[in-house]
Amino acid sequence: MMKYLLNQFLVNKVKCMAWLLVLWVQVFTARVSAQVFSGSGIIPKPVVELRQSGSFLIQKTTRLYVAGATKLSTSFFDQYLEDLSGFSLLRSNKAEPKGINLIVDAGLKLKSEAYLLDVSSQNITIKAIDERGLFYGLQSLVQLIRNEGKVITVPGYHIEDAPRFAYRGMHLDVARHFFSVEVIKKWLDVLAFYKINTFHWHLTDDQGWRIEIKKYPLLQSRSAYRNETLIGHKRANPHRFDGKRYGGYYTQEEIKDIVGYAAARQITTIPEIEMPGHAQAVLAAYPNLGCTGGPYQTATYWGVFDDVFCAGNEETFHFLEGVLDEVIPLFPSAYIHIGGDECPKTRWHGCPKCQKRIKEEKLKDEHGLQSYFIARMERYLNAKGKKIIGWDEILEGGLAPDATVMSWRGLEGGIAAAKLKHDVIMTPEKFLYLDYYQSLNKSEQIAAGGYLPLRKVYDYEPMPAELNAEEQQYIKGVQANVWSEYLSDASKAEYMIFPRVIALAETAWSAKAQKDYPDFLARLLANGRFLKKLNYSTAYYDIACESVDAAKGFKLSTDLPNAEIRYTLNGKNPGTTSQIYRSLIVIDKTGTLKAQLFKAGKPNGKLFEQAIVKSMASGKKVILNTAGQGNYNIDPQRLTNGIQGSYLYNSGEWLGLSGGDFEAIVDLGEEKTVREVGINTLNYQWQKMHPPKLLVVEVSTNEQSFKEVSRQTVFSQEGINSILHQLHPVQARYVRIKASNVGVIPDGFYGAGTKAWLMLDEIIVN
Ligand code: ACM
Ligand code: ZN
């Protein structure tokens, strides 16, 4: 390349300068500079990998020696080679100095699941102390194979590898939408390939019961079906339904089939049978198990429902024990997950049986009753040789003696449980819920909630810094959760799962020091041949837009290597002749910034569109009375950055206040005539986000004495409120907006009685 550039320089200086400009543009626009991965390319990144000279040629005549392993682990390798080459390797009954040697030897100094992989020009050797280790060594070997035509080569490597966490999981909700045995097997193949070892199977919920229980036939005929399903997002008001009966369940034979298929791939399947909440489908069939006696119906939309198992009724426990008696023999796993999350206490509060139980058992309150429920089920399961896992709500009212806690609402549950010396699986919603959007693009398929791009999944560090070394021992692993409310078919689910679960796999397996997002992304691209059977998302290339500041302009970037970004400001879709993005784009009026990636002259990925709002407030200094809280403690300048917050409430645009009021002053820099003042609020009851009860606009010329110029007391309940007040023209330098939080969430809304969030973004002054 240098020689070429030098020649060009001598021949044609101008042409050379253009070349350099192209290179510079590429460097400027790429967020990720590594386009070629370092090392072996294996995902998850091995602990140690050293390139050795030469490479090994796998041929028809290559012999395979297997010691100490069953056929199970090696059959995948056989199959893989056969698919690739059409031949299968000849077996040898002795070690092969010029072949492939797969050795399981409990006497080696290795940990469970660890492996050593050596590839030289002479031979390939994998060593492990257990089949799991050998299996993982083989997955790495498969990723090392380079095949060009019929020639299969493996570059020389010395690899020493072992997992960081013993528990590496993916959860799948089959209650909201049902996935076939074939589809689950296909996904298990991919999970195993990336060294995930636990499949958490969420089998029961309000919207459907999915496991055959012979003792209770109505679970099959009634609880497994719902009359219809919500169309669109649950935040829509009013709800619309499709009018179609939906459901299904796995027979016990099918369950055994999946569990066996997973086990053959070194994956443990943990079933989840939800209690005491998320029980509406059961109550539809067995209404006597609810506090009010019903009638109930299998839920047809998504949410958290008040009707739960009655904790005062002995029949509830007999029923659940009967269910578990059939579940236990199907799952060799040491653990059974019993849910425990999102159990409203409303019905228990008003139920004579539940109240009697609270009194008789000398429980403090309904949280104590939940704790009683979980601990009682734990005793039952312990007596059958099983341990329980529950969502972090099982901490409330006192943790069952030997329970493992899945920390989903945040990190706090996991931290608290580890301090109590309980095992913990970290699965925080904010980082590991794959039902979140992975792209800000408006054309994305409908999804549950917030924004969780691939990089954020990858960058999640599971070990809470708040724990000391002794407490950290209790963090056993990490898991990504796949809730299926909006995953109405397998293709939609795949799009959400992949590649984000692969990022989780690297977090779960690889040493912290080995992690490197640009390198991961480069390896992911090179992994294309394994991903191509999946409908996986490439949202990680999405053009990102950042408002650097009103005067300097907007920055566009992408992680797609060797791509150029072309953009327009006139509303037209960018084409091959549109402006190339080279430096910050200064935008001086409200409009739409559209951009498109181009690679080798061809459009790549989705059209990017961003509405830009410009007003006298744009880029002007914002003085907040109270900073935002939690995830919504954003830079106050985001309130005048030209980009309005969307339904993706955690994309960094919304400022949020939990229970508290908002007060912001915008300094226009000089006195101006003000005719219009606006701000948006986000009302999204499922995220506990409510409109203000009062919004007041005031103006001042001196920042000391303010005069009220408008107020509003009525707001729409759901959605984005675009508040825009027309004023009698008034001279002002300072504009103050005050919004009063409703404080406590009113009855009838999700989370009633707890603090409401007040969410605000983008102040407009004209
Ligand atoms: C959960 O997401 N409700 C565990
Ligand atoms: Zn009750």
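Read the numbers this way: they start at 1 and go in the same order the structure lists the ligands and their atoms.
In summary, the side chains of Gln479 and Asn481 do present a donor paired with an acceptor at a separation below 3.5 Å, with no hydrogens or angles considered. There is a side-chain donor-acceptor pair under 3.5 Å between Trp408 and Glu393. A side-chain N or O of Gln687 and one of Tyr649 form a donor-acceptor pair less than 3.5 Å apart.
A salt bridge does not link Glu471 to Lys421: none of the charged nitrogens lies less than 4.0 Å from a carboxylate oxygen. Looking at Lys384 and Glu321, no side-chain N of the basic residue comes within less than 4.0 Å of a carboxylate O on the acidic one, giving no salt bridge. Salt bridge Glu485/Arg176: present, at least one basic N to carboxylate O contact under 4.0 Å.
Atom CD1 in Ile425 sits 9.5 Å away from atom CZ in Phe165 (nearest 0.5 Å).
If you look at ligand 1, the protein residues with a non-hydrogen atom under 4.0 Å away are Asp341, Glu342, Trp391, Trp408, Tyr433, Trp483.
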Carefully, step by step, assess Glu378 and Lys387 under the rule salt bridge (charged side-chain N to carboxylate O under 4.0 Å, His left out). CA-CA 7 Å; Glu378 180 182 56; Lys387 299 189 332 160; over 6 Å; no
Give the intermediate values and the outcome of side chain to side chain donor-acceptor pair (under 3.5 Å) for residues Arg357 and Tyr372. CA-CA 10 Å; Arg357 175 90 72 197; Tyr372 164 87; 3.1 Å; yes
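For the Zn ion (ligand 2), the count of nearby protein N/O/S atoms, taking only those under 2.8 Å, is 4.
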